[in-house]
There are 2 protein chains.
Amino acid sequence: MSDQRKWVTMGDVARHAGVGTITVSRALRTPAKVSADTLKKVHKAVAALGYVRDDTAGALSSQRSRIVGALVSTLEQPVFASTIRGLEEGLRQGGLQLLLGSTRYQPDTEARMVSTLLGRRPDALILTSTTHTDETRRLLDNAGLPVVELWELPRDPVFAAVGFSNRAAGRDMVRHLVGSGRDRPAFLRTARASDTRADLREQGYRDALDGRAPRILAVPPHEDDSGPDYGARGLAQVLDRWPDTDALVCVSDALAVGAWCEAMRRGIEIPRRLAITGFGDIDIAGASGIGLTTVRVDGEAIGREAARLTIAATAGAPVQDRIIDLGYTLRVRATG
Amino acid sequence: MSDQRKWVTMGDVARHAGVGTITVSRALRTPAKVSADTLKKVHKAVAALGYVRDDTAGALSSQRSRIVGALVSTLEQPVFASTIRGLEEGLRQGGLQLLLGSTRYQPDTEARMVSTLLGRRPDALILTSTTHTDETRRLLDNAGLPVVELWELPRDPVFAAVGFSNRAAGRDMVRHLVGSGRDRPAFLRTARASDTRADLREQGYRDALDGRAPRILAVPPHEDDSGPDYGARGLAQVLDRWPDTDALVCVSDALAVGAWCEAMRRGIEIPRRLAITGFGDIDIAGASGIGLTTVRVDGEAIGREAARLTIAATAGAPVQDRIIDLGYTLRVRATG
DNA sequence: CCGCTTTGTGGTATCGATACCATTAGTTGC
DNA sequence: GCAACTAATGGTATCGATACCACAAAGCGG
């Protein structure tokens, strides 16, 4: 940390280069509108002074912050890692910057963060959730900016959505299990109040039961417990309650991996005695030693597509498809 | 997305409440300086108009953005998840907001992102890396703001650092293995050009060899390969090259879990025939089925401590300890 | 060589909140 | 009862970049 010296301003650069401030602005923002000669002078001055433009001031005068706020449900699990990567890269190409936050699946946290984010006057907002408090919904509606919701396909998106049908995916997975002879599948999830994606997958599970009695276990949230811990606890409780369960459909890969570990510890043969499936296809799911059967979602594509939509919308281009379904793939591996 | 209606300004709120704009500013920023009566009027007006303050404008005039930029090496693995959580919570209590980015272990990406971040005039910067390009270092030195580096203890921090000794941790882990009879430990890492933490842990491994021949394998980075994939490939290559290896010290938990899976697939007995250790103690490491022996790092504490330091520094308080060592714990579990 | 467009450049007002200073009313001390 | 203070509030300049308009010079067709 150096001394209290103030920042170099655009005016300083202009003086040093012998041009007007506005020319410096153009040289940096729209180089095509400036002569090659002037451009060189400006760049030299910028380098000499170590100038870094104040985008905060730029945002104020242009009424465009070039910031896109994004709120993901969790950063603890890598589910959204690829989506964030896709988003970040896509937005960067459009000259936009990602302002990231995590809601931890709590609607009130989401409300607070949306409010904070709006204070930075982002050009758009991206949310990996479609369940909002009334307060949040009001803020979003009044903000007058594009809002893109991810990983689901809400019936009435605030503005647009990119995702897939969680319900269909859940249904397909259970059908696959039933089709390969599993007759008593159980569904394992965490008991979170507003995890719409989990609700939808559970609904898909019910859809596919076809008259069989549902075996649904919602592990209560517990301080300091992580995904795999829930999975291990969940498996124990499921077997406790329904000992003859022959397939465990987990709402996420993190849970599935935890359940798998617990099964290994107990010496339960997988998949002969018990099939285990996950959701998301995170990196570890594919590890050869586990080989988790799961639903693959192309998170990076979701991110890229959301970025494309966002760039188009902020540029004022008309957006045709407001609900984009990118689908999913059943990835059948060793565990079921 | 609603129509093109402009944002409500502080002036609008002031008019609606029948007070001056500056009073509204004070009511929201320093309520103590405003009478209870006025406060109520202002809040009512804010609610009625759905006002959200423009922090961008506030930052410009007060020369304090209340933003702290943070760059982590990766978001793909949950190593830094707890650190981010600690940071975010700590900063929020100090009225600061986290602007998050990922460098993907690439110094040039870091340079680009530092520059972009500085354009938002953050009050401080936080980096989970101590290896910077000359360009980055110059920017940081000239920026005149507190820079806190995490997860390492550099000799000459830009401003301050919060972390632990990666070298000592690596050394302790290997000493533990050697002490329990492992005579031919190998070290597995990814071959990334600028992963200082990996370098230090490797150094620790060498320290503890005590005359034994080093067996170091750096898996070359490969497009689309994730942590566990590297681990699996790495185990294969290590056993190929040094078949009698009896302990595999992995530079991260992600690698260790992948190696563990591959070992399971090959029917290698763990830990009898081969010990496997990781680094970081991510959630899955503790899962009972794996029980990975690893180095536990209290990431959340690092985040909280960094937040405390940052708040103090931005408030102009004198900072005494610029290098804070939070230590680590050897967590011996089933795999070694 | 004259109107016309195109290209390059600069001056000035502006974005919205806050710093700074001024003002008023009320309170305290002697 | 008056100076000296505090509490509460408002007016105005300011932060740094960009929008908008103006203008000069160059290119160009006839």
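These numbers come from the heavy atoms of this one structure, side chains and all, not from hydrogens, waters or symmetry mates. Naming: A, B, ... by sequence-line order, numbering from 1 per chain.
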message = Counting only side-chain heavy atoms from C-beta out, which of dA17(D), dG10(C), dA17(C) sits nearest to Ala57(A)?
response = dA17(D)
Distance in angstrom units between Ile22(B) CD1 and dT23(C) C1', rounded = 15 Å
message = Distance check needed: dT9(C) P versus Lys33(A) NZ, whole Å only.
response = 13 Å
ask   = Between Thr23(B) and dG10(D), does any side-chain N or O lie under 4.0 Å from OP1 or OP2?
value = yes
key: OP1 or OP2 of dT18(D) under 4.0 Å from side-chain N/O of Arg29(A)   = yes
ask   = Under 4.0 Å between a side-chain N/O of Gln63(A) and OP1 or OP2 of dA17(D), yes or no?
value = no
note = Atom CZ of Arg26(A) and atom P of dG10(C) are separated, to the nearest Å, by 8 Å
Electrostatic pair Glu149(A)-Arg197(A), nearest N-O below 4.0 angstrom = no
message = Whether Asp134(B) and Arg138(B) form a salt bridge (side-chain N of Lys/Arg under 4.0 Å from carboxylate O of Asp/Glu) is what I want to check.
response = no
message = The side chain of Arg53(B) is closest to which nucleotide in this list: dA17(D), dA17(C), dT9(C)?
response = dA17(C)
request  = Grab the CG-P distance between Asp37(A) and dT7(C) for me, whole Å please.
outcome  = 18 Å
query = How many Å lie between CZ on Arg64(B) and P on dA19(C), as a whole number?
reply = 9 Å
query = Salt bridge check: are Arg112(B) and Asp108(B) linked by an N-O gap of less than 4.0 Å?
reply = no
query = In terms of side-chain heavy atoms, does Ser73(A) have a donor or acceptor partner in Thr128(A) at a distance below 3.5 Å?
reply = yes
request  = Before giving the answer on side-chain contact (heavy atoms from CB on, under 4.5 Å), spell out for His16(A) and Lys41(A) the whole-Å C-alpha distance, their side-chain angles and the decisive distance to 0.1 Å.
outcome  = CA-CA 9 Å; His16(A) 192 278; Lys41(A) 279 193 293 186; over 6 Å; no
Length of the line joining Leu60(B):CG and dA17(D):P, which is rounded to integer Å = 9 Å
message = Is there, by distance only and without an angle test, a donor paired with an acceptor across the side chain of Arg121(A) and the base of dG16(C) below 3.5 Å?
response = no
inquiry  = For Ala32(B) and Ser25(A), find the nucleotide of DNA chain D closest to each by heavy atoms; which residue's nucleotide sits nearer the 5' end?
reply    = Ala32(B)
query = Among dT18(C), dT9(C), dC15(C), which nucleotide sits nearest the side chain of Ser62(B)?
reply = dT18(C)
task = Quickly work out the Lys41(A) NZ to dT9(C) P distance and round it to whole Å.
result = 8 Å
query = Under 4.0 angstrom, heavy atoms only, what part of the nucleic acid is Val19(B) near: base, sugar-phosphate, or nothing?
reply = sugar-phosphate
ask   = Is the shortest side-chain N/O distance from Thr21(A) to OP1 or OP2 of dT18(D) below 4.0 Å?
value = no
ask   = Of all the nucleotides listed (dA8(D), dG10(C), dA17(C)), which has the minimum atom distance to the side chain of Thr38(B)?
value = dA8(D)
message = Any base atoms under 4.0 Å from Val34(B), or only sugar-phosphate, or nothing? Heavy atoms, all strands.
response = sugar-phosphate
ask   = Does the side chain of Tyr51(A) get closer than 4.0 angstrom to OP1 or OP2 of dA17(D) through an N or O atom?
value = yes
request  = Quickly work out the Leu28(A) CG to dG16(D) P distance and round it to whole Å.
outcome  = 16 Å
message = Exactly one of Val162(B), Leu87(B), Asp298(B) should register a side-chain contact (heavy atoms from CB on, under 4.5 Å) with Glu305(B). Which one does?
response = Val162(B)
